Number of protein chains: 2
Amino acid sequence: MTAPVVHELRSDARDNQERILEVARAAFASEGFDVPIREIARRAQVGVATVYRRFPTKEALLAAAFAERMAACLTIVEEGLAAADPWQGFRLVIERLMEVHALDRGFARALTSKFPRVFDFAEGRGRALRGLAELLSRAKEAGGIRKDVVLEDVVLALMANEGIRADSPQARVAASRRFAALMIQSFRADPAPVPLPSPVRPSLPISQ
Amino acid sequence: MTAPVVHELRSDARDNQERILEVARAAFASEGFDVPIREIARRAQVGVATVYRRFPTKEALLAAAFAERMAACLTIVEEGLAAADPWQGFRLVIERLMEVHALDRGFARALTSKFPRVFDFAEGRGRALRGLAELLSRAKEAGGIRKDVVLEDVVLALMANEGIRADSPQARVAASRRFAALMIQSFRADPAPVPLPSPVRPSLPISQ
DNA sequence: ACCGTATCGGAGCACCCCGTCCGGTTCCCC
DNA sequence: GGGGAACCGGACGGGGTGCTCCGATACGGT
């Protein structure tokens, strides 16, 4: 479903495919999904045609590269649903989703971009959103979250998180952590302010 | 300073320049700043060379097109500083800045992107940020905003706002309005939750 | 060791982008 | 209205991207 059939491949072809996927994941994660296929082929020490033989289009490569990220997101949501305290579960899910998105720019963009093609993203995204909706509903019922917060607000927050840029992945994660705390604060029903993680310096040249 | 000299231009050249700027502003606002120069020339009913004659590089055209948006941002900040209640001023500034950014995708991206070249953006951005810092400081002192909120958080919020996508400019503005309210809520020192504007549906296909 | 065949990989195609060149056109002043 | 300078705009060069073709290569069963 996610990875192409590896069974009947020759050994060198299998090695190449694995190397291509590894390289593609790393490239898309750090540089976003506009990395040229040629560049991925070069880094995987492989010809362009070899990439296209395994992944007939760039979109297919993107889908394959992001499949495990999507699985990670679904796992995060399910773990959140399994948490004893729905409020804590919700909080954790937001934090962890934002961290995944911060770690992989390409995945985040792909997720919130509407790809017309096959791309089983729609299905995974739908499942994740349904899980989020359920979690949100429970957290609201338990009194942890304002009643007037809707699922669309959570989506809004996740999209917004994607707009955050920073120079390094670490800086992005730190910024996302702070941002997650701020958003959660604004969702919270309990009026008492919660402590925030340490502030971060975004990539903008501030005051100069 | 912002617009090139118009004085010694022939009448047709002046007309063309104005039409190019108009078209460029509209195009960059609605489609982001990766609109091809050819396309702008076509819409302005002008040859490519004519665009390049007035604006020697695409960056120059961007700078010229965004100059008035930058002025608008500075005006917004100054009006916020002039407000009697620093908290209300801060609130209004955030809301209005986010609205401007939502209305002009290209400008938002240009602002938070670090252009290496001339681009007097750095100066305007610096002034805006200093104003924001002053406003934030006053609002904190007046007790409207949490003491642990720093200027970087405001920048974070503005960058995040840029990540919000929607199908139409109206939808973007509505989404930004909601987002601004959420962020302001999280900055607020007063524990009582404030009402939010009506929820919005982001461009993501939700639950499907 | 050998050979058929799956696989490889670089050259090549079609397209799009930014920015320039130069012959033709238009304005403006007299 | 006429001439010269300012101006226009399509064609062009250089570079980049997704994707394909086909001769060269390497695997692996015999």
Side-chain angles (χ1 to χ4, degrees), chain A residues 3-24 27-28 31-66 105-106 109-110 113 115-119, chain B residues 3-24 27-28 31-66 105-106 109-110 113 115-119:
Chain A
V5 183
V6 185
H7 204 205
E8 299 277 12
L9 279 187
R10 229 168 62 178
S11 69
D12 54 344
R14 202 175 49 82
D15 288 355
N16 280 338
Q17 166 157 330
E18 284 174 6
R19 222 168 43 253
I20 290 169
L21 257 185
E22 264 175 60
V23 166
F28 291 145
E31 276 122 278
F33 65 15
D34 49 359
V35 180
I37 294 276
R38 296 173 117 83
E39 179 60 21
I40 288 173
R42 200 188 57 78
R43 293 190 204 174
Q45 289 174 311
V46 139
V48 202
T50 303
V51 177
Y52 280 104
R53 201 166 302 114
R54 297 288 155 250
F55 307 96
T57 175
K58 183 170 187 178
E59 210 170 296
L61 179 57
L62 283 167
F66 293 149
R105 286 186 70 71
R109 256 200 86 77
S113 181
F115 275 75
R117 236 58 64 75
V118 197
F119 233 172
Chain B
V5 183
V6 185
H7 204 205
E8 299 276 12
L9 278 187
R10 230 170 62 178
S11 68
D12 53 345
R14 201 174 50 83
D15 288 354
N16 280 338
Q17 166 157 329
E18 284 175 6
R19 223 168 42 252
I20 290 170
L21 256 184
E22 265 175 59
V23 166
F28 291 145
E31 277 123 278
F33 65 16
D34 49 357
V35 180
I37 295 276
R38 297 172 91 86
E39 180 60 20
I40 288 172
R42 201 187 57 77
R43 293 189 203 173
Q45 290 174 311
V46 139
V48 202
T50 302
V51 178
Y52 280 104
R53 201 167 301 115
R54 297 288 155 250
F55 308 96
T57 174
K58 184 169 186 179
E59 210 170 297
L61 179 56
L62 284 167
F66 293 150
R105 286 186 72 70
R109 256 200 85 76
S113 181
F115 275 75
R117 235 58 64 74
V118 197
F119 233 171

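Residue numbering restarts at 1 for every chain, and letters A, B, ... go by the order of the sequence lines. Because the structure is predicted, anything quoted here is derived from the model rather than measured.
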Below 4.0 Å: OP1/OP2 of [N] and any side-chain N or O of [X]:
X: B:Thr57; N: C:dC18; answer: no
X: A:Asn16; N: C:dT7; answer: no
X: A:Thr50; N: C:dG9; answer: yes
X: B:Arg14; N: C:dT26; answer: no
X: B:Tyr52; N: C:dG19; answer: yes

Between [options], which nucleotide gets closest to the side-chain atoms of [X]?
X: B:Arg53; options: D:dT20, C:dT20, D:dC7; answer: D:dC7
X: B:Pro36; options: C:dC8, D:dC7, C:dC18; answer: C:dC18
X: A:Val48; options: D:dC27, C:dC28, D:dC19; answer: D:dC19
X: A:Lys58; options: C:dC18, D:dG10, D:dG18; answer: D:dG18
X: B:Ala49; options: C:dG9, C:dC18, D:dG9; answer: D:dG9

For B:Gln45, I'd like to know if atom CD has over 12 heavy atoms of other residues, nucleotides or ligands within 6.0 Å. no
May I have the distance from [X] (atom [atom1]) to [N] (atom [atom2]), rounded to whole angstrom?
X: B:Ile37; N: C:dT20; atom1: CD1; atom2: C1'; value: 14 Å
X: A:Gln45; N: C:dT7; atom1: CD; atom2: P; value: 20 Å
X: B:Asp12; N: C:dC27; atom1: CG; atom2: P; value: 5 Å
X: A:Phe55; N: D:dC19; atom1: CZ; atom2: P; value: 13 Å
X: B:Asp15; N: D:dC7; atom1: CG; atom2: C1'; value: 13 Å

Identify the two heavy atoms, one from B:Ile20 and one from B:Ile40, that lie closest to each other, and give their separation to 0.1 Å. O-CG2, 4.3 Å
Taking all atoms of both residues into account, what is the closest heavy-atom pair of A:Phe28 and A:Phe33, and its distance? CD2-CA, 3.7 Å
Check if the side chain of A:Arg38 and the base of D:dG16 share a donor-acceptor pair of N or O atoms closer than 3.5 Å. no
Going by modelled atom types, is there a donor-acceptor pair between the base of C:dT26 and the side chain of B:Arg10 at under 3.5 Å? yes
For A:Ala13, answer base if it contacts any base atom (sugar-phosphate contacts may also be present), sugar-phosphate if it contacts only those atoms, and nothing otherwise; contact means non-hydrogen atoms under 4.0 Å. sugar-phosphate
